[in-house]
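Reading through the structure tokens given below for one structure.
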Amino acid sequence: MTPAKAPPEFNQITAAFALSGEVISVGPCGHGHINETYELVCDDGGQRRRYVLQRINHHVFKNVPALMENVQRVTQHVRAKQPRALALVPLHHGGFVKQDSAGDWWRVYDYVERAITVERVTTEAQAREAARAFGEYQALLVDLPGGRLNDTIPNFHHTRTRFETLRRAVNEDTQGRAEGVRAEIDFAYAREADTDVLLDLLARGELTERVTHNDTKINNVMLDDVTGRCAAVIDLDTVMPGLSLYDFGDMVRTAASSTTEDNPDATQMHVVLPYFRALVDGYLESAGAVLNATERAHLGFAGKLLAFETGLRFLTDHLQGDVYFRIHRPGHNLDRARTQFALVKSIEDNADAMKRIVDDVEKAV
Ligand code: GN1
Ligand code: MG
């Protein structure tokens, strides 16, 4: 995907939303790979008010009204319990999403002020707080009224499907890139058996479907810039039925790792055990009462699985010509696949130590 373009008919779009004041500036916002995100600054009678405007990627999220129904239900439910949680801004004429003449969909959130996101954890306290916050989010959604949420992306974390998609991309090799990534393909194929582990446990009833966030990377939690406590969980487009282990695993992938997924030098990537311990500690503090013994027993494996699955997705996108994740340089998705696979290897090498950490933390709770 190419970097964000200037949005068309911008004024008509912002005018449709019930904003306080006049829009005085628009700038880029965040580091997401899928949607386009802008910061809107409004002048409200001399007071500055900020909003987040997003163009929803409808090639990725094919049913935007169904997605927005989820987001609306979830934000309404969480906001009643967390005053700083994300809130949608309505349209003047009702509803929360505006379609422009090109068929693109737009929505606006209130800006979460006095809070930051980080791309990489630098203290154990940050890791613990992020995990506590995502665990709390999970626990808050246990009593979400209104029935099952829509599947905004079917089979999103179905690792077997992700694996088969990679295999198809290798066989089709539309860009002629397979030869150059033989080592990565072999790495993936050697771990095929991992793809079914959680799916088999789910089929046997040992894991339970829950309402999960499904994209718990570290930059999807906003931390108060003074206290460091969670201000808001963001990026709610994939909140839908899922496994809690997907949420925990994606935290391990992005918060118990030594470098970012974008690092072109994959040798710098490894699991950071003190951050892993902090994640287990924070997650069990808030979600511990919800989790069953099978979930607890697979916390380390979940980190490996999500790094593996995300690596499969990056490698597939590289082979297919970078059509899904936004890239900022040639080979970017390949670099990302390499960091993910380096993390998988590191988690394999540290599996015993990670198991001991989980046991230790459980004993202490
Ligand atoms: C995407 O939108 P963003 O950048 O927060 C992706 C996640 C991946 C992540 C990898 C809808 O998240 O699943 O884990 O990139 N979101 C979607 O950085 O595919
Ligand atoms: Mg995001």
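Order of appearance sets the numbers: ligands from 1, and atoms from 1 within every ligand.
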Qualifying ring-ring contact (aromatic ring centres under 6.0 Å, His included) pairs, either residue in residues 203-240, two or more places apart: Phe134-His213

Sub-4.0 Å heavy-atom approach of Arg326 to ligand 1: no

Non-hydrogen atom of Arg253 closer than 4.0 Å to ligand 1: yes

Proximity of Asn220 to ligand 1 by residue part, where a heavy atom lies under 4.0 Å: side chain

Heteroatom proximity flag, Asn219 to ligand 1, N/O under 3.5 Å: no

Any side-chain donor near an acceptor of the partner, Arg277 and Tyr275, under 3.5 Å: no

Contacting atoms of ligand 1, where contact means under 4.0 angstrom from a heavy atom of Glu261: 10 (C), 18 (O)

Sub-3.5 Å N/O-N/O distance, Arg313 and ligand 1: yes

Aromatic ring proximity Tyr109/Tyr51, centre distance under 6.0 Å: no

Polar side chain donor-acceptor pair, Tyr38 to Glu36, under 3.5 angstrom: yes

For Gly32, the ligand 1 atoms whose distance to one of its heavy atoms is below 4.0 Å: 4 (O)

Candidate with minimal heavy-atom separation from atom 17 (C) of ligand 1, of Tyr324, Phe325, Phe314: Tyr324

Distance-only N or O hit between ligand 1 and Thr238, under 3.5 Å: no

Distance-only polar pair, side chains of His332 and Asp262, donor-acceptor under 3.5 Å: yes

Sub-4.0 Å atoms of ligand 1 with respect to non-hydrogen atoms of His33: 2 (O), 3 (P), 4 (O), 10 (C), 15 (O), 18 (O)

Short N or O distance, Asn214 and ligand 1, threshold 3.5 Å exclusive: no

NZ/NE/NH1/NH2 to OD/OE distance under 4.0 Å, Arg50 and Asp44: no

Pair Glu136-Gln82, side-chain donor/acceptor within less than 3.5 Å: yes

salt_bridge(Arg168, Glu164) N-O dist < 4.0 Å: no

side-chain hydrogen bond (donor to acceptor under 3.5 Å, both in side chains) against Arg229, all qualifying residues, sequence neighbours excluded: Glu129

Ligand 1 atoms in contact with Phe61 (distance to a heavy atom under 4.0 Å): 11 (C)

Test of proximity, Thr310 against ligand 1: N or O pairs below 3.5 Å: no

Polar contact flag for Asp250 and ligand 1 (N/O pairs, less than 3.5 Å): no

